[in-house]
Chemist: 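Sending over a structure as structure tokens; questions will come in a sec.
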Amino acid sequence: MEMDKLVSLCKRRGFLFQSSEIYGGVNGFWDYGPLGVELKRNIKDAWWRDMVTGHDDLTKAEGAPEPYEMTGLDCTIIMHPQVWKCSGHYDLFHDYMVDCRQTNKRYRHDQVSGRWVEAKDKRIFATAGSDSDSPEEDITRQALKFFGLRNKHIEQLQWDGGITPLTDIKDFSQVLGPHAKELGTLTEPREFNLMFKTTLGALGGEEDAAFLRPETAQGIFVNFKNVLDSTRVKIPFGIAQVGKSFRNEITPRNFTFRSREFEQMEIEFFCHPDSSQKWYKYWRDRRFQWYLDMGIPEGKLILREHKPEERAHYSIGTADIEYAFPFLAEGEYGELEGISHRGDFDLRSHMLGKLDPNSEATPMEVELNEHGKPKYRGSGKDLTYRDEITNEKYTPHVIEPSAGADRATLALLCEAYTEDEAPDDKGKMKTRIVMKFHPRIAPIKAAVFPLVKRDGMPEMAKDIYRALKKQWNVFYDEKGAVGRRYRRQDEAGTPFCITVDGQSLEDQTVTIRHRDTLEQWRVKADDIVGEISKLINV
Ligand code: ATP
């Protein structure tokens with residue numbers, strides 16, 4: 001599937017719009033249209049239902065070491081600034097950027113790649129940025145242009161080694177920036193904190209600086225004690241949260257994949273240190289299965305365990321669930337969710353102050369300033385847990401499955417997009433676009449049509465519409481040829497269309513048409529609510 005086809009369908013049918021589009025849009029921000037809002041809400045609801053409200057506290061889930069409890073939270077976006085100092089985000093949540101003095105373009109340092117090449121007795125490092133769809137071709141084009149060579153003289157380019165990231169290059173003087181004409185126009189990499197900064201109150205000095213949360217997780221950690229004290233949950237248990245997060249990404253791109261405002265669906269799962277590895281494995285596999293259940297085929301989904309050097313400083317184990325997004329090169333995958341074993345890093349940091357991220361030792365120590373005092377003061381509150389039965393007191397370990405609602409939505413949009421052949425009103429085979437959403441997440445569950453706008457068909461169809469509307473988002477349409485109405489619903493991903501025709505008025509039956517198989521069959525109008533319920537709860 002070509003990505004631009006999906007992007008155009010999303011706009012045409014109201015799944016996604018660029019934010020503030022009438023003013024030219026703003027990079028990295030997206031609005032969900034009438035169909036998109038339903039789709040994304042269904043995905044978040046499915047996650048919440050499967051992880052939280054539908055979770056059976058009493059039974060041991062398959063693969064779990066023992067039964068566990070789940071509960072939810074909804075925390076604020078702006079929190080006490082100390083939260084971000086102790087979590088490490090204030091000092092460490094940054095990317096490096098490089099600017100091109102010639103083109104005024106900005107790149108993430110780790111997303112520029114290049115290759116050493118020699119021609120006409122000169123050796124340069126030709127590059128391509130993250131805006132390039134095929135770095136290899138763009139690097140070659142850059143090199144040819146720089147040396148003033150035509151394509152037919154391509155053999156004059158003497159390549160030295162393969163494509164390597166710019167992060168491997170120390171001296172930029174021989175680097176040709178991704179769109180530059182001269183060498184050495186890229187600046188030295190500069191640190192750039194990804195948190196959006198804002199000011200609390202009217203006076204607003206540096207002391208009133210606050211941040212929009214870059215993840216929902218911290219709200220859960222700082223409420224750990226509140227949840228323990230207000231409920232009867234016992235370890236092992238998880239706290240879930242769905243909500244907006246903000247990151248001032250240097251190069252937002254790939255539709256909604258990398259946005260500056262997005263929604264996360266996160267769980268912090270608290271367990272005893274001795275069983276934490278088992279829980280880590282459980283959550284990794286459980287979350288992987290969830291995406292399969294939502295309709296992503298196994299061949300397009302991978303579970304990638306991080307190498308030790310790739311992991312965050314606090315992490316004992318991290319795995320990503322990744323999907324073969326169509327905008328990526330063959331064999332490449334994009335992250336949908338990260339599952340991380342965070343040890344006791346977060347709770348200890350919020351108790352004691354920022355832990356030293358460079359310390360190899362566990363438990364890690366508080367980072368001290370030049371006066372030997374904690375660099376950032378912790379809350380000083382006791383965030384440990386006492387086991388009522390064994391009386392053991394310990395700081396729980398945390399497993400964090402952290403998913404992006406927008407990335408899940410984008411993956412399911414990509415997966416749903418299908419072009420096939422179906423007969424039109426005159427029985428002629430025509431290409432149709434159909435969004436094959438799992439019925440559970442389809443924005444509209446069923447559409448109801450009177451075949452024609454007379455003879456009492458609209459009245460009967462409206463009664464059916466009203467009966468279904470009590471439970472689901474259904475759509476009524478009486479305009480135009482019925483074949484065209486079917487096609488519109490195919491594009492919206494509506495799994496079932498119900499049509500009232502001449503026979504319906506005689507025998508009180510209607511047809512149901514299946515979006516994917518195009519099969520049609522008759523059912524009694526009185527049974528329609530039960531029928532649709534059976535069909536969408538598959
Ligand atoms: P990436 O490496 O792609 O920047 P990350 O490893 O920084 O992602 P996490 O901090 O683990 O991401 O965040 C958890 C989840 O939040 C990600 O798996 C992703 O689904 C979502 N997410 C993170 N950043 C963005 C973003 N800029 N736009 C949309 N979703 C995001």
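All ligand and atom numbering here is 1-based and tracks the order in the structure.
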Chemist: For Glu249, take its heavy atoms, then give the atoms of ligand 1 lying under 4.0 Å from any of them.
Modeler: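 In order of numbering, the contacting atoms are 26 (C), 27 (N).
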Chemist: Glu266 versus ligand 1: do any nitrogen or oxygen atoms come within less than 3.5 Å of each other?
Modeler: no
Chemist: For Phe325 together with Tyr323, are the ring centres under 6.0 Å from each other?
Modeler: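 Aromatic pair counts; centres sit under 6.0 Å.
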Chemist: Check the side chains of Ser402 and Glu215 for a donor-acceptor pair under 3.5 angstrom, ignoring hydrogens and angles.
Modeler: no
Chemist: Please identify which atoms of ligand 1 are closer than 4.0 Å to at least one heavy atom of Glu337.
Modeler: 18 (O)
Chemist: Identify which one of Glu337, Glu266, Glu400 satisfies the salt bridge (Lys or Arg N to Asp or Glu O under 4.0 Å) criterion when paired with Arg287.
Modeler: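 Single pass found, and it is Glu337.
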Chemist: Atoms of ligand 1 less than 4.0 Å from Gly404 heavy atoms?
Modeler: 20 (O), 21 (C)
Chemist: Which residue holds the protein heavy atom closest to atom 19 (C) of ligand 1, what is that atom called, and what is the gap in Å?
Modeler: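 Closest protein heavy atom to atom 19 (C) of ligand 1: Arg407 NH1, 3.5 Å.
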Chemist: Step through it carefully: locate the ring centre of Tyr68, locate the ring centre of His55, and say whether they are under 6.0 Å apart.
Modeler: yes
Chemist: Relative to each other, are the rings of Phe246 and Phe196 parallel, tilted or perpendicular (30° and 60° limits)?
Modeler: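 If you compare the ring of Phe246 with that of Phe196, the planes turn out perpendicular.
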Chemist: Could you tell me if the side chain of Tyr282 sits less than 4.5 Å from the side chain of Lys278, heavy atoms only?
Modeler: no
Chemist: Can Arg253 be said to sit on top of Phe257's aromatic six-ring, NZ or CZ under 6.0 Å from centre and within 45° of the ring axis?
Modeler: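 Not flagged: Arg253 not positioned over aromatic ring of Phe257.
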Chemist: With respect to atom 20 (O) of ligand 1, which of Leu336, Asp406, Ile339 exhibits the smallest heavy-atom separation?
Modeler: Leu336
Chemist: Out of Gly28, Ser259, Pro252, who is nearest to atom 27 (N) of ligand 1 when you count heavy atoms only?
Modeler: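 Of the listed residues, Ser259 has the closest heavy atom.
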Chemist: At what distance is the nearest protein heavy atom to atom 29 (C) of ligand 1, and which residue and atom is it?
Modeler: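 Here the closest protein heavy atom is Phe257 O, 3.2 Å.
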Chemist: At what distance is the nearest protein heavy atom to atom 14 (C) of ligand 1, and which residue and atom is it?
Modeler: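 Scanning the protein heavy atoms, the shortest distance from atom 14 (C) of ligand 1 goes to Ser402 OG, 3.0 Å.
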Chemist: Any idea which protein heavy atom is nearest atom 16 (O) of ligand 1, and the distance to it?
Modeler: Gln264 NE2, 3.2 Å
Chemist: Test side chain to side chain donor-acceptor pair (under 3.5 Å) on Asp320 and His306; report intermediate values, then the result.
Modeler: CA-CA 7 Å; Asp320 283 346; His306 283 206; 2.8 Å; yes
Chemist: What protein heavy atom sits nearest atom 22 (N) of ligand 1, and how far away is it?
Modeler: Phe262 CE1, 3.5 Å
Chemist: Starting from atom 7 (O) of ligand 1, find the nearest protein heavy-atom neighbour and note its residue, name and distance.
Modeler: Arg247 NH1, 3.1 Å
Chemist: If you take the nearest heavy atom of each of Met265, Glu335, Arg108, which one is closest to atom 18 (O) of ligand 1?
Modeler: Glu335
Chemist: If you have a sec, work out which protein heavy atom is nearest atom 4 (O) of ligand 1 and how many Å separate them, to one decimal?
Modeler: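 Residue, atom and distance for the closest contact: Arg258 NH1, 2.8 Å.
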Chemist: In terms of the angle between their ring planes, are Phe270 and Phe224 parallel, tilted or perpendicular, with boundaries placed at 30° and 60°?
Modeler: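 Taking Phe224 first and then Phe270, their aromatic rings sit tilted (interplane angle of 30° to 60°).
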